[in-house]
Amino acid sequence: MHRTRTRFAARVNRVAAGLERRGVVATYEAHDRLLANRGSRRRYARQTPGLDEAQRGVLERLRAEGYASLPFSELVPDRAVWEELEANAAAFVADTEAGLASERGGGESELRRRAGKEFLVRKYSWGVDLGLDDPWLRLGINPRLLDLANAYLQMWAKLEYVDVWYTPAAGEAERRSSQRWHRDFNDRHLLKAFIYLVDVDEQAGPFEYVPRSAPGGDLEQLWPWRPLGENYPPEDEFAERVDGRSVTFTAPKGTIIFCNTSGFHRGGFATGKPRVLATLTWDSPASLKALSERNYVFDGAGSDVLDDTQRYALT
Ligand SMILES: O=C(O)CCC(=O)C(=O)O
């Protein structure tokens, strides 16, 4: 009796989950085609940003390959911006290493981690209030990056995620979660930036990407992107079908990598050295309506200095 009820409850839950999933997908598609993204595309068309040569170079490579990388200083030549980020990152690294040392000694720490990706320590993780005094938030709406994001997405983008990650060298044998090849499920209109804050070699878990695997690329049919899709293919079959066509971003500190992570990517399998990077995600309003949630709340202070694209990105 109890067993029958349990099985029945499990079936009801499965049906409910299936219906909910279909509802989420339908909401996303409606917002992409008709509702939220239409307004955002219209705004972009009315006010298309002028890009300089460095930005145009990134945009062309993003459109052709789904990724582009370059020294941060080529995109943002203002030295003061980098120095402020570097100082902020150094404080995060010092706090993180103190916390990890305390944990190793059996003590407590206030380090932020998220379920499923415990191998990674995050500066913000989830649910933080951020204002314009935060250099990482300001980087996400810096016109050198935001104009590029808007031009790539062909709409006014939303800044969805801002964080700094410290991945300790774990010496694990097996890759887990985002260390394995996957597509991000949360938007087809997606741009991420990874800014390396240390030199990243093979032992520090470099980011890796399969060029032209994002929607629109000639490898898009490889376990195609779907909203909320089954996005982690079997590793063996994946290796066979990709057959060495991936790119590995071993690169010095101060490198910025842009990529559309609805294409296949993986990284952060730090075997011998810690990896420290900052990461930003821009996506479409449709994604925020149905598939994603910001990891921060913008406190709004001083927002009168922002232009319309910046305010749109943060709200
Ligand atoms: O840590 C990495 O290099 C990969 C991160 C990742 O998969 C993601 O941000 O979607």
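Note: hydrogens, waters and symmetry copies are ignored here, and every other heavy atom, side chains too, is used. For ligands, and for the atoms within them, numbers begin at 1 and follow the listed sequence.
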Min over H265, R275, H182 of heavy-atom distance to atom 2 (C) of ligand 1 lands on R275
The closest protein heavy-atom partner of atom 5 (C) of ligand 1 is W165 CZ3, 3.8 Å
Ligand 1 to F194, heavy atom cutoff 4.0 Å, flagged ligand atoms 9 (O)
re atom 9 (O) of ligand 1, the protein heavy-atom contact at minimum distance is K192 NZ, 2.9 Å
Note: D184, heavy atoms under 4.0 Å from ligand 1, region reported as side chain
With heavy atoms and a 4.0 Å threshold, my read on which part of R180 contacts ligand 1 is neither
Separation between CG (N186) and OG (S292), nearest 0.5 Å, reads 5.5 Å
Quick note, salt bridge (charged side-chain N to carboxylate O under 4.0 Å, His left out) partners involving residues 295-304, not counting sequence neighbours, are none
Side chain to side chain contact (heavy atoms under 4.5 Å, CB included) with F298: of I141, D129, L159, L137, only one passes, and it is L137
Rounding to 0.5 Å, atoms CG (N37) and CD (Q154) come to a distance of 12.5 Å
Discussion item. Please say yes or no: joined through hydrophobic side-chain contacts below 4.5 Å, possibly via intermediate residues, are V242 and F249 part of one cluster?
Written reply: no
